[in-house]
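Since the structure comes first, as structure tokens, the remarks are kept for the end.
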There are 2 protein chains.
Amino acid sequence: MDGRVDGRAKRATLQTVADEVGVSRTTVSNAYGRPDQLNKALRERIFEAARRLGYPGPDATARSLRRGRAGAIGLVFTETLSYAFADPYSVGFLRGVAEVAEESGTGLLLIPMPPGSGDPETAVRNAVVDGFCLYCVPGGHPAKELIRARGLPLVTTDETDDPSIPYVGIDERGSARMAAEHIVRLGHRRVAVMVDHVSGPGTTGPATLDEQRASDCADLRGRLAGYRDALDEVGVAWESVRVVAAGRNSRTAAASQSAHILDVAERPTAVLAIGDVLALGVLDACEQRGLVPGRDISVVGFDDVPEAERARLTTVRQPMGEKGRMAGRLVLEPPREEKVPRIKLPTELVVRTTTGPAPR
Amino acid sequence: MDGRVDGRAKRATLQTVADEVGVSRTTVSNAYGRPDQLNKALRERIFEAARRLGYPGPDATARSLRRGRAGAIGLVFTETLSYAFADPYSVGFLRGVAEVAEESGTGLLLIPMPPGSGDPETAVRNAVVDGFCLYCVPGGHPAKELIRARGLPLVTTDETDDPSIPYVGIDERGSARMAAEHIVRLGHRRVAVMVDHVSGPGTTGPATLDEQRASDCADLRGRLAGYRDALDEVGVAWESVRVVAAGRNSRTAAASQSAHILDVAERPTAVLAIGDVLALGVLDACEQRGLVPGRDISVVGFDDVPEAERARLTTVRQPMGEKGRMAGRLVLEPPREEKVPRIKLPTELVVRTTTGPAPR
DNA sequence: CACCGTTTCTGTATCGATTAAGTCTGTATC
DNA sequence: GATACAGACTTAATCGATACAGAAACGGTG
């Protein structure tokens, strides 16, 4: 009998070490956390005893509790991990967050909540973090309320969200408009759009207007609206624009769903893709069909991921890394002011060779 | 004065709610964690009070401490985040870990420790996790000892490491040998090898034998040894094999460093790349030079990432996802047996079109 | 010697929760 | 009418550490 109420295995703790050396718990704690608070020789003796007893150093959880700091920020996203990382854009964003996190000795806790997975609540509730970054979490997601309820600093990158949540992103609509205006100026009038998915993931092929409006992703809606703005201006009816869903944000999916765009009568002369990964897929499909981008057909992406440059893809550049850094900073040091920050970072149209004058 | 010794802002806690409702702390705790332990009506009253007081539910850190479970596993790697995610192989591995983690309601704490970054110790020490997965952490890394010292379950994916650490991986040497044997059977005798980096990251260009041997990455050494095995067998001296470092594991870096292979007198007829990403870069370089893979030159990769199929790349397939799942499981449920698990997963040569008979 | 500023440790309160074991209260069983 | 028993809570003991106010010891000073 060791008299403890729960049957845990006994482990060395601060107290164990303190007893061994014959000092107070506090002193042992200081030996680890504030070397200046005690005599150097004593510190050595403490370490030596710790080694002998197999004491692994202050327990991270206990330390977190006492200090009131978890030392990590939670990254919540509704995609599968592989998804989230398959897209270089996401990676860029993550990297940004990681950079600022690292500067302050903070870790990143990944909290994926793909649609099908059970009980996202628990994950959020048990996450030992100092704040959350929401990333691709649609407005009505059940976990969202829970996250807010935890009362920790919170930043989202999804546009037109609850205005009480700090936001960092870009002008989705305006940026998309830039892309479409470019196309329009080149004389294109028969235009198609490639998206990842409008309603649930997995839905592929042409999407109706209703479906477009019903999309739970504000960013997507913003971009579509931007395209529409530009097309409206030159009198192209949005109803005539075929919006095709790849089903998921992947190059191969986009390539295969490109059939709905490329293999139809009255083939569009330009394709607007809401992400570079999709645009690259469209380019693959063009290549298979012997269509030369920039001559036979124009393709515009969005994001400007590294691979876009290799493919000479015309696209909208958004500062993904900066977005991540910004978001990270906002979580780590929430501004004290009353008004909720809503930051829009600048974007830029990068014209390469996949766009050209509309063929007659 | 609120009489508290440290000046923290007061927040609602279990006790606050308990007092408000007039029950014990335990009961409130049960309301959240064990609904069957109390009356349904009382439970509602508790929640109602919690809402009124703005109590966000049990504190994750405190819960972790008391329960003795952090609810996360730490993922330690020595690359930059962007690095780690840029490679589809890594992503596959991560995904595997994430899958099993998710099944048990566990999060993933990313702990990147790129060479230049300061104080990896703190990150490891403060990580609130139940175990660690080491990923690309070379043998002598300073953090390694620290991680072990924490006494938590630990799994590594780096070969020929300390035999006391559970390991899951593949037969690097044998697998590489398969790749090289394939090339050899096709009649190739002038062979080059493309690696990411031998000594520190950033070192590019041809690597000397000494540098190869000095590499801190056991996996790399294993693969090189495998290539060598096959070449030795047909009398190709390893000294005659040019080993070129791309500097980092990226497609563009590999493409540009391919000059050291493709633009030399007596150009090799086959290139063995220790990873698909590098192989793809080599293919890019070939394309630029008008060399047709499989005819003018043969290229073999390693990993079989999704993109390899698109590129019709001959490569060695390794079960990245399975590796991750395995590693995750080993951390989550460390086997009780005495002997340290050392698991080698099977690999397979996938022959596609980037390899062909040696040109005469 | 009284007074002072340091350096080095100790004591106590606290962080916010979970849990095994105990206390009551009624109800069912024999 | 005594005993067992389930239901609904409460008690008390932790989990493992850190913060802060003090206290003892010490050398230097006028």
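All values below were derived from every heavy atom in this structure, side-chain atoms included, with hydrogens, water molecules and symmetry-related copies excluded. Keep in mind that what you see is a predicted model, and the values were worked out from it rather than measured. To find a chain, count down the sequence lines: A is the first, B the second, and so on, and within it residues start at 1.
Put simply, the side chain of A:Val97 does not reach to within 4.5 Å of the side chain of A:Val331, judged on heavy atoms. A:Glu102 is not listed as a side-chain neighbour of A:Glu99, based on a closest heavy-atom distance of 4.5 Å or more. Proximity of B:Leu332 to B:Ile73: side-chain heavy atoms (C-beta onward) are separated by under 4.5 Å at one or more points.
We find that CG of B:Leu65 is positioned 7 Å from P of D:dG16, with the value rounded to whole Å. Computed from coordinates, the A:Leu14 CG to D:dA19 C1' distance equals 14 Å when rounded to whole Å. The nearest whole Å value for the distance from the OH atom in B:Tyr32 to the C1' atom in D:dC9 is 18 Å. Atom P of nucleotide C:dG16 and atom CG of A:Asn126 are separated by 17 Å, given to the nearest angstrom. We find that CG of A:Asp19 is positioned 13 Å from P of D:dA17, with the value rounded to whole Å. Rounded to whole Å, atom P of D:dA8 lies 13 Å from atom CD1 of B:Ile46.
Without hydrogens or angle criteria, A:Thr106 side chain to A:Ser104 main chain gives a donor-acceptor distance under 3.5 Å. Remark: the backbone N or O of A:Pro56 is not paired with any side-chain donor or acceptor of B:Arg150 at under 3.5 angstrom. For the pair B:Asp158 (side chain) and B:Cys136 (backbone), a donor-acceptor distance under 3.5 Å is present.
Residues A:Thr61 and A:Ser64 bring no donor and acceptor atom of their side chains to less than 3.5 Å of each other.
A salt bridge links B:Glu48 with B:Arg52; the closest basic N to acidic carboxylate O contact falls under 4.0 Å. Salt-bridge formation is detected for the pair B:Glu322/B:Arg325: a Lys NZ or Arg NE/NH1/NH2 atom is positioned less than 4.0 Å from an Asp or Glu carboxylate oxygen.
Here the CG atom belonging to A:Asp87 is positioned 8.5 Å from the CE atom belonging to A:Met320, to the nearest 0.5 angstrom.
For B:Arg66 against C:dT19, a side-chain-to-base donor-acceptor contact under 3.5 Å is absent.
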(message) Checking A:Ser29 against A:Thr26 for the side chain to side chain donor-acceptor pair (under 3.5 Å) test, could you report, in this order, the C-alpha distance in whole Å, the side-chain angles of both residues, the deciding distance, and whether it holds?
(response) CA-CA 5 Å; A:Ser29 173; A:Thr26 304; over 6 Å; no

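Contacts between residues 55-62 of chain A and DNA chain D, defined by a heavy-atom separation under 4.0 Å, are made by A:Tyr55, A:Gly57, A:Pro58, A:Asp59, A:Ala62.
Residue A:Arg34 is in sugar-phosphate contact alone, with no base atom involved, counting any heavy-atom pair closer than 4.0 Å across all strands shown.
Helix-axis bend for the helix from C:dC1-D:dG30 to C:dC30-D:dG1: the local axis fitted to the five terminal pairs at one end deviates from that at the other end by 50°, rounded to 10°.
The shortest distance between the side-chain N/O atoms of A:Arg63 and the OP1/OP2 oxygens of D:dA17 is not below 4.0 Å.
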Sort me out a list of protein N/O and nucleotides 4-10 of chain C N/O pairs below 3.5 Å, or just none if empty.
{"residue": "C:dC9", "atom": "OP2", "partner": "A:Asn39", "partner atom": "N", "Å": "2.6"}
{"residue": "C:dT10", "atom": "OP2", "partner": "A:Ser24", "partner atom": "N", "Å": "2.8"}
{"residue": "C:dT10", "atom": "OP2", "partner": "A:Ser24", "partner atom": "OG", "Å": "3.2"}
{"residue": "C:dT10", "atom": "OP2", "partner": "A:Thr27", "partner atom": "OG1", "Å": "2.7"}

